[in-house]
2 protein chains.
Amino acid sequence: MTDRKINILLVEDHEFTRLGLAMKIENTPKYNLVAQATDGAQGVMMASQYNPDVILMDIGLPKMDGISATRKIKEELKLDCAVLMFTSRDNKEDIFAAFKAGADGYIMKGSSSETLTSAIDTVATKAAWIDSQIARVVLSSIQNENDIQTTATKSQKEANKKYGLTKKELEVLSLIVDGLSNQEISEKLVVSISTTKAHVHNILQKLYLTDRTKAAIVALKEGLV
Amino acid sequence: MTDRKINILLVEDHEFTRLGLAMKIENTPKYNLVAQATDGAQGVMMASQYNPDVILMDIGLPKMDGISATRKIKEELKLDCAVLMFTSRDNKEDIFAAFKAGADGYIMKGSSSETLTSAIDTVATKAAWIDSQIARVVLSSIQNENDIQTTATKSQKEANKKYGLTKKELEVLSLIVDGLSNQEISEKLVVSISTTKAHVHNILQKLYLTDRTKAAIVALKEGLV
DNA sequence: GGTGATATTAGACAGCAGTCTAATGTATAT
DNA sequence: ATATACATTAGACTGCTGTCTAATATCACC
């Protein structure tokens with residue numbers, strides 16, 4: 001086989017974690033750390049610039065979260081690289097959003113070095129790698145997906161649970177889909193613009209989106225409102 | 001960590017395949033082949049008898065198929081072992097049925113020795129292993145729900161008449177509905193931002209709207225794109 | 001009584017969106 | 001040839017969007 005080194009791009013905002021990971025990667029002969037990014041936007045940029053084999057991506061990132069960044073890399077840029085999500089979040093929503101965005105693997109922070117190398121090696125060969133802690137969550141949900149499709153009554157309440165939107169957030173999302181601006185939403189709900197902005201911000205976070213237009217599109221297509 | 005050998009149970013009806021796998025396992029120091037079964041019923045029996053770490057299970061088996069056997073081992077007997085499906089079937093139904101039954105990994109016959117050991121090692125640590133050939137099938141079914149690549153050839157000309165949008169404007173509107181920013185649209189169409197802004201402005205004028213979010217909503221609801 | 005989730009607000013800030021004006025080039029129809 | 005429609009670009013400007021930080025208040029739950 002090709003004994004070429006695996007080129008890795010590291011995207012992580014916390015300095016110490018990034019440093020630790022960089023150390024680990026650089027001390028592993030078969031890996032080659034090509035670049036490090038400290039936020040999502042920079043990560044996307046560096047991905048297209050260095051075209052790494054594997055991107056080790058944190059979820060919680062400034063500028064652009066890891067899931068949005070993954071989506072951009074996979075769907076828009078269509079880069080041929082494996083994205084390994086590296087995070088402390090083990091909730092269903094994040095896991096699914098990550099895979100939906102095109103992630104190839106999902107590993108928990110706090111994993112051992114052996115687990116990390118195993119995961120990197122696996123996704124580098126284009127196979128999927130799922131951490132033991134969350135394997136059950138993913139696999140059990142695959143079962144559910146079949147069951148849900150037969151019952152066919154999912155959309156509204158399921159979608160609600162799916163993204164964890166609160167009642168107020170759903171209300172705001174609904175008004176966004178009606179085409180209202182923040183100012184108009186504020187007037188309608190009799191709250192300040194700050195409040196509306198906070199709600200909109202929370203919605204975008206939970207849906208892993210970057211602007212209200214995308215939120216409206218997703219809400220319409222997935223029947224969230 | 002524990003350098004204990006990984007105890008493996010092999011369940012495969014085809015003699016030559018079973019022999020080849022047994023050879024491979026026995027020639028790998030870290031593995032210990034505890035038993036071999038030639039049908040599903042025997043496999044279940046041996047699983048409870050030997051309590052292996054990993055069961056390498058074929059799907060097409062006499063007496064009881066591999067998926068039923070897996071379900072029995074996982075759900076009824078609740079044995080703490082990893083089941084690695086080993087099969088030539090790559091259709092969605094089998095894959096999902098396998099995971100639904102509680103399989104921890106899915107590997108194709110015809111995989112390399114390296115892939116096999118990688119898969120065994122991975123499921124032995126209770127992580128999920130999905131073969132590269134079928135990773136796409138599994139992940140894409142998770143990723144779906146979003147892809148609406150409808151080739152609307154009819155409504156385009158009607159919409160054109162309706163609002164008097166030009167070909168270019170419809171193209172831009174379509175990209176707005178995809179959630180792209182002016183910058184991104186400009187890059188995609190290889191024009192300046194000024195041009196994109198002009199198109200967007202014309203679209204808004206013709207649709208009697210004030211912003212791109214409303215344009216996306218109208219386009220989606222009225223099937224303009 | 002403490003903890004977590006939700007809702008509320010403010011201010012400051014960077015950046016994008018959309019408007020306006022103005023100009024140029026091309027194609028098509030009359 | 002000349003009008004009309006379409007595509008392209010620039011510069012400047014206003015205002016809205018979304019982020020970040022920070023604080024307060026309520027309610028349910030343990």
Side-chain angles (χ1 to χ4, degrees), chain A residues 13-14 38-42 44-45 59-69 72 89 91 93 160-161 163-218, chain B residues 160-161 163-218:
Chain A
D13 59 330
H14 296 113
T38 57
D39 65 64
Q42 197 184 13
V44 171
M45 205 194 65
I59 284 192
L61 290 169
K63 297 276 173 66
M64 185 190 293
D65 69 88
I67 289 171
S68 299
K72 196 169 184 92
R89 305 186 192 180
N91 63 313
E93 289 72 27
N160 191 335
K161 287 177 188 170
Y163 298 100
L165 292 175
T166 66
K167 193 180 279 182
K168 208 86 190 183
E169 285 159 2
L170 276 173
E171 201 176 349
V172 171
L173 180 56
S174 172
L175 294 174
I176 288 175
V177 172
D178 285 341
L180 303 199
S181 67
N182 286 337
Q183 179 63 54
E184 292 168 329
I185 292 171
S186 303
E187 285 163 9
K188 199 136 203 167
L189 300 183
V190 201
V191 294
S192 77
I193 293 196
S194 295
T195 308
T196 301
K197 281 187 177 184
H199 287 316
V200 172
H201 181 248
N202 291 332
I203 291 167
L204 296 179
Q205 287 279 305
K206 289 182 181 178
L207 300 186
Y208 302 105
L209 301 172
T210 53
D211 59 79
R212 71 202 296 106
T213 304
K214 290 197 179 90
I217 294 163
V218 168
Chain B
N160 197 336
K161 287 175 186 171
Y163 297 98
L165 292 175
T166 67
K167 192 182 279 183
K168 207 83 190 183
E169 285 160 1
L170 277 173
E171 201 176 348
V172 171
L173 180 56
S174 171
L175 294 175
I176 288 175
V177 172
D178 285 342
L180 303 199
S181 67
N182 287 338
Q183 178 64 51
E184 291 167 330
I185 292 172
S186 304
E187 285 164 9
K188 201 138 202 165
L189 300 183
V190 199
V191 295
S192 77
I193 293 196
S194 296
T195 306
T196 301
K197 281 187 175 183
H199 288 315
V200 172
H201 181 249
N202 291 334
I203 291 168
L204 296 179
Q205 288 278 305
K206 291 181 180 177
L207 299 185
Y208 302 104
L209 300 172
T210 53
D211 60 79
R212 71 202 295 108
T213 303
K214 291 195 179 91
I217 295 163
V218 169

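Labels below follow one simple rule: chain letters A, B, ... track the order of the sequence lines, proteins then strands, and each chain is numbered from 1. Side chains included, hydrogens not; waters and symmetry mates left out as well; all remaining heavy atoms used.
Rounded to an integer number of Å, the gap from CD1 of I203(A) to P of dT6(C) is 13 Å. Straight-line distance from the CE atom of M64(A) to the C1' atom of dT19(D): 13 Å, rounded to whole Å. Per the geometry, CD belonging to E169(B) stands 7 Å off P belonging to dC6(D), to the nearest Å. Rounding to whole angstrom units, CD1 of residue I185(A) and P of dC16(D) are separated by 14 Å. What separates CG of L189(B) from P of dC6(D) is a distance of 18 Å, to the nearest Å. Note: CD (E184(A)) to P (dC16(D)) measures 10 Å, nearest angstrom. Between N182(A) atom CG and dT9(C) atom P the separation is 14 Å, expressed in whole Å. If you measure from atom CG of L204(A) to atom P of dG18(D), you get 6 Å, rounded to the nearest angstrom.
Contact annotation: H199(A) reaches the phosphate of dT8(C) (side-chain N/O to OP1 or OP2, under 4.0 Å). Residue K168(B) places at least one side-chain N or O closer than 4.0 Å to OP1 or OP2 of dT8(D). At least one side-chain nitrogen or oxygen of T166(B) sits closer than 4.0 Å to the OP1 or OP2 atom of dA7(D). Between S192(B) and dA10(D) there is a side-chain N or O to OP1 or OP2 distance below 4.0 Å.
T195(B) comes within 4.0 angstrom of a nucleotide base, judged by non-hydrogen atoms across all strands. Among the atoms of the strands shown, base atoms are found under 4.0 Å from some heavy atom of K197(A). Using a 4.0 Å heavy-atom criterion, one finds that N202(B) contacts no nucleic acid atom at all.
Between the side chain of K214(B) and the backbone N or O of G179(A), at least one donor-acceptor pair lies under 3.5 Å. A donor-acceptor distance shorter than 3.5 angstrom exists from the side chain of D65(A) to the backbone of I67(A), with no hydrogens or angles considered.
Side-chain contact between D39(A) and M64(A) is absent, with no heavy-atom pair separated by less than 4.5 Å. V172(B) has its side chain within reach of L189(B): a pair of non-hydrogen atoms, C-beta onward, lies under 4.5 Å apart. Looking at D178(B) and L175(B), their side chains come closer than 4.5 Å, going by heavy atoms from C-beta outward.
Residue order along DNA chain D, read from the 5' end via each residue's closest nucleotide, puts I193(B) first among I193(B) and S181(A).
Under a cut-off of 6.0 angstrom, the local environment of NZ in K63(A) is sparse, with at most 12 non-hydrogen atoms contributed by other residues, nucleotides or ligands.
Just one of R212(B), E187(B), H199(B) meets the side-chain hydrogen bond (donor to acceptor under 3.5 Å, both in side chains) condition when paired with N182(B); it is R212(B).
At a cut-off of 3.5 angstrom, the base of dA10(D) holds at least one donor-acceptor pair with the side chain of S194(B).
Considering only side-chain atoms of V200(A), the nucleotide from dT9(D), dT8(C), dG18(D) that sits closest is dG18(D).
Here I217(A) contributes atom CD1 and I176(A) contributes atom CD1; the two are 12.0 Å apart, rounded to the nearest 0.5 Å.
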In B/S/- notation, 5' to 3', how is nucleotides 20-30 of chain C contacted by protein heavy atoms closer than 4.0 Å? -----------
